[in-house]
Amino acid sequence: MTVVTLGIGEYGVINKPGDIIKTHALGSCVAIVMLDPATRTVGMVHVALPESKVHLDRAKKLPGYFADTGIPALLEMMRGVGAAANLRKVIVKMTGGANVMDKNNTFNIGKRNVLAIKKGLWAERMGAVAEDVGGSISRTVTINMDDGKVIITSPGREPANI
Amino acid sequence: MASINVSSEEILKSIKSVPALSPGAGQLLDVLGSGQYEISDIVKVIENDSALTVNVLKVVNSASMGMRREITSVHQAAAFLGDTKVIGIALASAGGDTFNADLAGYHGDRGMLGKHCLWVALAARELSRHTDGVVDKGVAFTAGLLHDIGKAVISDYMVELVPSIMEQAGKETEPDHLSAERNIMGTDHCEVGCQLARHWKMPESLITGIEFHHNPAGAPEEFRAMAYVIHLADTLAMMQGVGTGVDDMQYKFDVDYEKYLKLDANALEGLALDVQIDFNATAEALFGTDQETE
């Protein structure tokens, strides 16, 4: 049994019984979860920013950090373990993208992350079937290989799943 | 539920019983808070305090720092790591119990406060470079490291009250977490931190950073730019998921930082990523690697 814990900008895959993949305290970051039932594979990427274009050097080192480079990077990793052959059958879920209280909405990286991910998924002709995004709650996500449930927890709050 | 009626007087009184800082740590804060120092001044203060020296050398020589040979003096450590890292190591050890508080009142884990404060310190140092020289990088770093010390004290009193605080805060509307702390407890982590800083006889620049990090517009003019630096650094830390528990993201954000800091959104995003990379390396040396507990 392996527990894969993703840091910010990291991505990973699990595909053995009992394996767990998780990422802590998303803040304004967004976790994209891809479940491939055909090969029983779960992938996740912890995206921090919407676009890589003004940070190209950084994106080379940490492609998972950005929505536009993170989605292709995760798909490539899933294909590397024989999953995601048919993208129509890959189930996508996402969570995170919280915002601080900002009346003028000038500092809305959370919302911009969510939009950029929708755009990035669209480019692959994919779309999220479930999401728990926004608000001002920092979420932790855990997926257990055995039931494939996407469990969302936050300090002091009841867990939820999407 | 006997202790549910906490009075703010009781909390503020309890600060008086917090042990004083070691003379070396106090001196270090004085020097740093002045913004007028050479790295040799810092080295001298640390070397004169044997506990600080031992801790600095222990951390510097830990495996994660990747030193090729043993570092045997504070002077060498400063040359290899740069002044701010050495300051961080010294202060983290000086306030050891504070930064290692379990934060039960915030549903935080032990170690979260130290990590959050380190992230804010590293970000504040980088942000200070965009203030046209108004904010000294050492003062910014130190104020960042200390900004949330009030949480270490107030947390214990919050354990039973936190459900009421959470009920008020976290709706993306008023009140924010800070106002909710004040509504329910009669005080908040900024006021408590400020009182603790006075108890520890910190210089005014650092006290301001602690007291006004959620309300930078209210800071005295002399230190207002610094308060905005800490405010922005704290917000970035929470957005990157390096917070302290239930209050993550639940604060008002003051965009007037733009009056004091000259950097656009792209530069800010890049800065956050660079700080994260620096943080990963430094946090490992200071606090060790995260261990999976499941």
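By convention in this document, chain letters (A, B, ...) are assigned in the order of the sequence lines, proteins followed by strands, and residues within each chain are numbered from 1.
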Q: Side chain, backbone, both or neither: which part of Val246(B) has a heavy atom under 4.5 Å from chain A?
A: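 Contact with chain A: backbone and side chain both.
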Q: Is there side-chain contact between Ser138(A) and Met239(B), with heavy atoms separated by less than 4.5 Å?
A: no
Q: In residues 261-269 of chain B, which residues are in contact with chain A at a heavy-atom separation under 4.5 Å?
A: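 Counting heavy atoms that sit under 4.5 Å from chain A, the residues of residues 261-269 of chain B involved are Asn266(B), Leu268(B), Glu269(B).
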Q: Nearest 0.5 Å please: distance from the CE atom of Met101(A) over to the OH atom of Tyr251(B).
A: 11.0 Å
Q: Answer yes when Asp274(B) and Arg58(A) have at least one side-chain N-carboxylate O distance shorter than 4.0 Å, and no when they do not.
A: yes
Q: Side chains of Gln240(B) and Ile8(A): does their closest heavy-atom pair fall under 4.5 Å?
A: yes
Q: What do you reckon, is CD of Glu76(A) surrounded by more than 12 foreign heavy atoms closer than 6.0 Å?
A: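 12 or below, so no.
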Q: Using a 4.5 angstrom heavy-atom cutoff, name the option from Leu62(A), Thr23(A), Leu49(A) with the most pairs to chain B.
A: Leu49(A)
Q: At a 4.5 Å cut-off on heavy atoms, which part of Leu236(B) comes close to chain A: side chain, backbone, both, or neither?
A: side chain
Q: Side chain, backbone, both or neither: which part of Ile165(B) has an atom under 4.5 Å from a heavy atom of chain A?
A: neither
Q: Counting only heavy atoms not in Glu167(B), do more than 12 fall under 6.0 Å of its CD?
A: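 Not buried by this count: 12 neighbours or fewer within 6.0 Å.
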Q: So for Tyr257(B), is it side chain, backbone, both, or neither that comes closer than 4.5 Å to the heavy atoms of chain A?
A: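 Only the side chain of Tyr257(B) comes within 4.5 Å of chain A.
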Q: If you count heavy-atom pairs under 4.5 Å with chain B, which of Ile109(A), Thr140(A), Ile137(A) comes out on top?
A: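 The option with the most such pairs is Ile109(A).
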Q: Identify the heavy atoms of Pro155(A) and Tyr106(B) that sit nearest to each other, and give their distance.
A: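 Scanning both residues completely, I find the closest heavy atoms to be CB-O, 4.3 Å.
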Q: Please say whether more than 12 non-hydrogen atoms of neighbouring residues, nucleotides or ligands are located less than 6.0 Å from CZ in Arg182(B).
A: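 More than 12 within 6.0 Å, yes.
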Q: Taking every non-hydrogen pair under 4.5 Å, which of Gly27(A), Ser136(A), Ser154(A) racks up the most with chain B?
A: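 Highest number of heavy-atom pairs under 4.5 Å: Ser136(A).
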